[in-house]
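Since the model is a prediction, treat every value here as computed from it, not as a measurement. Values below: all heavy atoms of this structure, side chains included; hydrogens, waters and symmetry mates excluded.
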Amino acid sequence: MAPLHPGLPDEIAIWEILIRLDPKALLRCRAVCRGWLRATSTREFLVVHHGRQPTLPLLNGYNGDVDDRTLDIIPLDHRARLVAADQLQPIARLDHRHPLQSCDGLLLLCTNGTDISNGGADIKRQYSICNPATRQLMNGKLAPGLHVGFYVFTLDSCQPPRHIGWPEAKEVMLERNVLFRGNLHWYMEELESSKAGMILVFDTTAESFREMRATPILRGDADLFEMDGMLILAKFNNAAEAIDIWVLQDYEREAWTYKCQIRLPAEDIRAQFQEVHRNWDVQVTSSDEAVIVLVLYGLYRTLQIDIDGKLVATFHREGLCCDLLRLKQSLVPHTFFPALEGYVVNSSPFM
């Protein structure tokens, strides 16, 4: 068999060069020859390749007006600095859908529209699972007449969604949960400002809900995320123009530790951009190894602040926002895709 590249051992070509490419570049390389296609399509290669991909926050870039809007899914490479709008590279452009959750290189998408009345739900919302790297997607729509509550749908099963009830904490923000230790976690803000918030946990094995203590001195809204195997809570204080960071040091004992405070370089930002904003739009998330602070400043400017409170990047684009989702891209094939109804490849809602 001819070598993959003249003058290079296959071991070097595969495990030192091709394995380092991002998914988009790797897919292009597969078209070079059958040998490259064969070498980069084995499950062993794809699993190792997935493990080398960075976990990056996702930005949503909206295009067009409300009636004809598309959405760009853009991984934020925190190593970038000044990035122009045409250099923010989307991994997918979607039609009339937005992401709710991400896991194992997959995105859960949904269309808008839910009408709940008379103790039941007339569900107009359509859900999709997609892999933006392979452009595979399956569509699903909940049957009419379902009761309000939570449903479990197993992707590799032909069974309909199972109703598992509704937690006591009714105001669950589906778009802002964190998958940690195999369970889903939501930070729940108390409506009474005098009370501390708590964390709602869904056990994916027992299919049950429980509550965890958040840090007892935290009040109001906060961002919950995972980094370095720990849960982290970040609370922005608009008056102080600063972010307080807490770390869950002991998960079983629900013991939180105050980590640090990140002060926004507010005066430097105002001076640099010659604009004055008193109410900041701030979100805190993470990549594999770094806390990332994103500030929406004006209509078309998103700022990245590091943990030392320094402005490290400016992203220019109108309609840019962050939903606190993170994605680790994957080309590992999922067997459930072709088996499910509504399966498509490289078709709508991909643009």
Straight-line distance of [X] [atom1] to [Y] [atom2], nearest 0.5 Å:
{"X": "Leu71", "Y": "Asn60", "atom1": "CG", "atom2": "CG", "answer": "4.5 Å"}
{"X": "Leu8", "Y": "Ile14", "atom1": "CG", "atom2": "CD1", "answer": "11.0 Å"}
{"X": "Ser286", "Y": "Met227", "atom1": "OG", "atom2": "CE", "answer": "6.0 Å"}
{"X": "Met138", "Y": "Phe337", "atom1": "CE", "atom2": "CZ", "answer": "8.0 Å"}
{"X": "Leu106", "Y": "Leu108", "atom1": "CG", "atom2": "CG", "answer": "10.0 Å"}
{"X": "Leu137", "Y": "Leu109", "atom1": "CG", "atom2": "CG", "answer": "6.5 Å"}

Notebook entry, point to check: When you check the side-chain N and O atoms of Gln249 and Trp256, is any donor under 3.5 Å from an acceptor?
Noted result: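 No.
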Notebook entry, point to check: So, Arg326 and Ser287: side-chain donor and acceptor under 3.5 Å apart, yes or no?
Noted result: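 Looking only at side-chain atoms, Ser287 and Arg326 do not form any donor-acceptor pair under 3.5 Å.
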Find out if a path of hydrophobic residues (ILVMFWY) with successive side-chain heavy-atom gaps under 4.5 Å connects [X] to [Y].
{"X": "Phe336", "Y": "Val345", "result": "yes"}
{"X": "Trp15", "Y": "Leu26", "result": "yes"}
{"X": "Val295", "Y": "Val291", "result": "yes"}
{"X": "Phe209", "Y": "Leu184", "result": "yes"}
{"X": "Met230", "Y": "Val284", "result": "yes"}

Heavy-atom distance under 4.5 Å between the side chains of [X] and [Y], does that happen here?
{"X": "Leu324", "Y": "Gln283", "answer": "yes"}
{"X": "Cys29", "Y": "Leu21", "answer": "yes"}
{"X": "Leu331", "Y": "His50", "answer": "no"}
{"X": "Leu224", "Y": "Trp186", "answer": "no"}
{"X": "Val178", "Y": "Tyr187", "answer": "no"}
{"X": "Leu311", "Y": "Gln272", "answer": "yes"}
{"X": "Met212", "Y": "Met198", "answer": "no"}
{"X": "His185", "Y": "Leu231", "answer": "yes"}

Next item on the list: Take Leu294 and Leu59 through the side-chain contact (heavy atoms from CB on, under 4.5 Å) test and state the conclusion after the steps.
Entry: CA-CA 10 Å; Leu294 297 175; Leu59 298 178; 3.8 Å; yes
Next item on the list: Any chance you could lay out the side-chain contact (heavy atoms from CB on, under 4.5 Å) test for Leu233 and Phe225, step after step, and finish with the verdict?
Entry: CA-CA 7 Å; Leu233 272 170; Phe225 56 94; over 6 Å; no
Between [X] and [Y], is there a donor-acceptor pair closer than 3.5 Å when you use the side chain of the first and the backbone of the second?
{"X": "Asp203", "Y": "Thr205", "answer": "yes"}
{"X": "Arg213", "Y": "Arg253", "answer": "yes"}
{"X": "Arg52", "Y": "Val48", "answer": "no"}
{"X": "Asp306", "Y": "Lys310", "answer": "yes"}
{"X": "Asn346", "Y": "Arg135", "answer": "no"}
{"X": "Asn183", "Y": "Thr204", "answer": "yes"}

Checklist line | Glu207: partners by side-chain hydrogen bond (donor to acceptor under 3.5 Å, both in side chains), with sequence neighbours left out | finding: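 Glu207: side-chain hydrogen bond (donor to acceptor under 3.5 Å, both in side chains) contacts with Arg162.
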Item checked: Phe150 vs Phe202, ring-ring contact (aromatic ring centres under 6.0 Å, His included): CA-CA, chis, key distance, verdict -> CA-CA 11 Å; Phe150 282 87; Phe202 177 68; 7.2 Å; no
Checklist line | Ring centre gap for Phe180 and Tyr251 strictly below 6.0 Å | finding: yes
Note to self: Between Tyr297 and Trp280, is the ring centroid distance below 6.0 Å?
What the structure shows: yes
Which heavy-atom pair separates [X] from [Y] by the least distance, and what is that distance?
{"X": "Leu248", "Y": "Ala255", "result": "CD1-O, 3.5 Å"}
{"X": "Ala234", "Y": "Ile243", "result": "CB-CG2, 4.0 Å"}
{"X": "Tyr62", "Y": "Cys321", "result": "CE1-SG, 3.6 Å"}
{"X": "Ile269", "Y": "Ile305", "result": "CD1-CD1, 4.3 Å"}
{"X": "Val282", "Y": "Asp223", "result": "O-OD2, 4.2 Å"}
{"X": "Ala133", "Y": "Gln329", "result": "CB-OE1, 3.8 Å"}

Margin query: Taking atom CG as the centre, does Asp104 end up with more than 12 heavy-atom neighbours from other residues, nucleotides or ligands that are less than 6.0 angstrom away?
Written below: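 No.
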Next item on the list: Return the orientation label for the His49 and Phe45 ring planes: parallel under 30°, perpendicular over 60°, tilted otherwise.
Entry: parallel
Check: Between Arg97 and Ser128, is a side-chain hydrogen bond (donor to acceptor under 3.5 Å, both in side chains) present by the stated rule, with each step listed?
Finding: CA-CA 9 Å; Arg97 281 170 172 80; Ser128 307; 3.1 Å; yes
Next item on the list: For the pair Leu100 and His98, evaluate side-chain contact (heavy atoms from CB on, under 4.5 Å) and give the outcome as yes or no after the intermediate values.
Entry: CA-CA 7 Å; Leu100 287 178; His98 67 273; 4.0 Å; yes
[X]: which residues meet the salt bridge (Lys or Arg N to Asp or Glu O under 4.0 Å) condition with it, sequence neighbours left out?
{"X": "Glu44", "answer": "none"}
{"X": "Arg30", "answer": "none"}
{"X": "Arg210", "answer": "none"}

Margin query: Ser102: which residues meet the side-chain contact (heavy atoms from CB on, under 4.5 Å) condition with it, sequence neighbours left out?
Written below: Leu107, Leu325, Leu327
Item checked: Test: Arg181 and Glu252 ion pair at under 4.0 Å ->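 Salt bridge present between Arg181 and Glu252.
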Checklist line | Verdict with reasoning, Thr285 to Leu76, per side-chain contact (heavy atoms from CB on, under 4.5 Å) | finding: CA-CA 11 Å; Thr285 182; Leu76 172 61; over 6 Å; no
Sequence neighbours excluded and cut-off under 3.5 Å, please list the side-chain donor-acceptor pairs for residues 259-268, or say none.
from	atom 1	to	atom 2	distance (Å)
Gln261	OE1	Arg263	NH1	3.3
Gln261	NE2	Asp244	OD1	3.0
Arg263	NH2	Ala240	O	3.1
Glu267	OE2	Arg270	NH1	2.7

